[in-house]
Number of protein chains: 2
Amino acid sequence: MSSYGQFCPVAKAMELLDERWTLLVIRELLAGSTHFNDLRRGNPKMSPALLSKRLRTLERAGVVRRELHDGRSSYTLTPAGEELRPVVEGLGAWGIRWIGSLGEEDLDPHLLLWDIHRTIPLEVWPSGRTVLGFEFADVAPRIARWWLCVTDGDVDVCDADPGFDLSATVTTRLRTMIRLWRGDLRWPGALKEDLVSISGVAARDVPLWLGHMKLAAVERPA
Amino acid sequence: MSSYGQFCPVAKAMELLDERWTLLVIRELLAGSTHFNDLRRGNPKMSPALLSKRLRTLERAGVVRRELHDGRSSYTLTPAGEELRPVVEGLGAWGIRWIGSLGEEDLDPHLLLWDIHRTIPLEVWPSGRTVLGFEFADVAPRIARWWLCVTDGDVDVCDADPGFDLSATVTTRLRTMIRLWRGDLRWPGALKEDLVSISGVAARDVPLWLGHMKLAAVERPA
DNA sequence: CTGTATCCATGGCGATACTG
DNA sequence: CAGTATCGCCATGGATACAG
């Protein structure tokens, strides 16, 4: 966080915000994560030491507030931090418009399921228990199969078979599933071209159940 | 520019944009600078090697376009780069609202005059030549005196006496002048409290001539 | 669960000089 | 004017282990 030697407000903002991981931590807080390990789950490649350091810096800067509730610490955004929402959303909108290509290293199934799990449109899922399976064709067997268990408004991500009956199973390449989630690819077209297949009694409902990430709605450049 | 290992558009955007100086270079391009040395003037503490590297990275990313006009290279933003304007403006608005305190190292008179020189409201200046002097009380003598020469829509910054008659001279601390320029402080109050004094025949017009930086209009938190 | 403590390698970046 | 070239430091941050 060394100084740029400028009085310009953009420079002063960037002194705090342009350090590696910082805005991604804020993105997680904006998304509603409040606990240390949730923040880690949203940024799995960030070391805990560095996360701790970033949180402390943001707290000193008045962007993050740390509180202790029955021995558990929780992190929330102050009004100053909350005001970074348009900036982070603007960066996301820009990113999805202009950074189209994803490298292999960007395709993390855990991150995909974690993101799906927290923005899923629960209101369109049936009541009772619904289990949705994923099978990714092109990743290591150990992390190729995932389950989403939705039980009366509660969502769980499993990387091991929970044992319940499956309402449907989605089979595709991880890259394809991520492109669908990001809105780079549309469900009808992907199904028609056999880029993805859905089996099970509730196969027709899966696209509706999953939806897209919020930024998927951003228009793309012509 | 190492990868975050995430498909999230915010993360992909930050892979490119969170490197030191990058968004400040883009800020300069958004402000209208097109030549290498103009970009340097806007970021005087950035080494030319690093500026060169950043420009190349941004060009590869499709954000900056480099062109040669009669042997002079010029840099302009592509549509993708131009679309970063709301992000940079958002960061500036956030910065001026929430990062109030400026360190001594942020108070660069050259940067102040350079910024004034390019956003000055020429339409309210008289026709013919007008010369405005600055005297900063609290900086090293070598960089304490500056002149702004406005000649029929052309603005020049001088760090040596141009020799013309002065329409007015502004005398104040550099910090105070910067606070006025940023809109942290208002001219009437500063004059009344003798934080700044203006001498010369056109003394009354100086606040109007100078105006403020654009972000000065941003409302501050209560 | 919520972090701290250490260690270490890397390479980013600052400084300076120089060139066509 | 518009950059390259070179050098070397040190801080950043990645990895891992461990602790209250």
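In what follows, chains are A, B, ... by sequence order, proteins preceding strands, each numbered from 1.
Dashed line: the shortest gap from a side-chain N or O of S2(A) to OP1 or OP2 of dA11(D) is not under 4.0 Å. For W21(B) and dG14(C), the shortest distance from a side-chain N or O to OP1 or OP2 is below 4.0 Å. The side chain of R54(A) contributes no N or O atom lying less than 4.0 Å from OP1 or OP2 of dT12(D). Considering only side-chain N and O atoms, R56(B) lies nowhere under 4.0 angstrom from the phosphate OP1 or OP2 of dG3(D). Side-chain N/O atoms of R66(B) include one lying less than 4.0 angstrom from OP1 or OP2 on dG3(D). Here S52(B) reaches the OP1 or OP2 of dT4(D): one of its side-chain N or O atoms lies under 4.0 Å away. Neither OP1 nor OP2 of dG13(D) sits under 4.0 Å from any side-chain N or O of Y4(B).
The distance between atom CD of E15(A) and atom P of dA11(D), rounded to the nearest whole Å, is 17 Å. Computed from coordinates, the E105(B) CD to dG14(C) C1' distance equals 16 Å when rounded to whole Å. The separation between H69(A) atom NE2 and dC1(C) atom P is 18 Å, rounded to whole Å. Across the protein-nucleic acid pair, L51(A) atom CG and dA15(D) atom C1' stand 15 Å apart, rounded to whole Å. When rounded to the nearest whole Å, the span between CG of L50(A) and P of dT6(C) equals 18 Å. Rounding to whole angstrom units, CD of residue E19(B) and P of dC13(C) are separated by 6 Å. M46(B) has its CE atom 13 Å from the P atom of dT4(D), to the nearest Å. In this structure, L55(B) places its CG atom 8 Å from P of dG3(D), rounding to the nearest Å.
Judged purely by atom type and a 3.5 angstrom limit, S73(A) has no side-chain atom pairing as donor or acceptor with the backbone of H69(A). Not a single donor-acceptor pair under 3.5 Å links the side chain of R66(B) to the backbone N or O of V64(B).
With the end axes of the helix from dC1(C)-dG20(D) to dG20(C)-dC1(D) each set by five pairs, the angle from one to the other reads 60° at 10° resolution.
For T176(B), the side-chain contact (heavy atoms from CB on, under 4.5 Å) partners are T172(B), R173(B), L180(B), L185(B), L195(B), not counting sequence neighbours. Evaluation of the side-chain contact (heavy atoms from CB on, under 4.5 Å) rule for E28(A) yields S33(A), L39(A), N43(A), W114(A), R118(A) as partners, not counting sequence neighbours. Shown here are the side-chain contact (heavy atoms from CB on, under 4.5 Å) partners of T76(B), two or more places apart in sequence or in another chain: T34(B), R65(B), E67(B). Taking the ring pair (Phe, Tyr, Trp, His ring centres under 6.0 Å) definition, one finds that H35(B) meets it with nothing, sequence neighbours left out. With sequence neighbours left out, E82(A) forms a side-chain contact (heavy atoms from CB on, under 4.5 Å) with L30(A), L77(A), R85(A).
Separating the CG atom in L166(A) from the OG1 atom in T130(A) is a distance of 11.0 Å, to the nearest 0.5 Å.
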With a 3.5 Å cut-off and sequence neighbours excluded, list the donor-acceptor pairs that the side chains of residues 154-165 of chain A form with protein atoms.
residue	atom	partner	partner atom	Å
D161(A)	OD1	G163(A)	N	2.7

Would you give me the side-chain donor-acceptor pairs under 3.5 Å for residues 47-55 of chain A, sequence neighbours excluded?
residue	atom	partner	partner atom	Å
S47(A)	OG	L50(A)	N	3.2
R54(A)	NE	R20(A)	O	2.8
R54(A)	NE	T22(A)	OG1	3.2
R54(A)	NH2	R20(A)	O	3.1

Side-chain donor-acceptor pairs of residues 131-149 of chain B under 3.5 Å, sequence neighbours excluded:
residue	atom	partner	partner atom	Å
D138(B)	OD1	L174(B)	N	2.9
W146(B)	NE1	I143(B)	O	2.7

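No contact: K45(B) has no heavy atom under 4.0 Å from any strand.
Projected onto DNA chain C by closest heavy-atom contact, K53(B) and Y75(A) fall at different nucleotides, the more 5' of which corresponds to Y75(A). Nucleotides of DNA chain D nearest to A49(B) and R72(B) differ in position, and the one nearer the 5' end is that of R72(B).
Annotation: proximity of residues 28-42 of chain A to DNA chain C (heavy atom, distance under 4.0 Å) is found for H35(A), F36(A), N37(A), numbered in ascending order. Looking at residues 110-118 of chain B, you'll see that no heavy atom sits under 4.0 Å from any atom of DNA chain C.
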How far apart are the C-alpha atoms of Y75(B) and D38(B), what are their side-chain angles, what is the distance that settles it, and do they pass the side chain to side chain donor-acceptor pair (under 3.5 Å) test? CA-CA 10 Å; Y75(B) 300 91; D38(B) 290 343; over 6 Å; no
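Out of dG14(D), dG12(C), dT16(C), the shortest distance to the side chain of P48(B) is found at dT16(C). Taking only side-chain atoms of S73(B), from C-beta outward, the nucleotide of dA15(D), dA2(D), dG3(C) with the closest atom is dA2(D).
For residues 95-113 of chain B, the set of pairs meeting the side chain to side chain donor-acceptor pair (under 3.5 Å) definition, not counting sequence neighbours, comprises S3(A)-D106(B), K12(A)-D106(B), E83(A)-R97(B), E83(A)-W98(B), E104(B)-R175(B).
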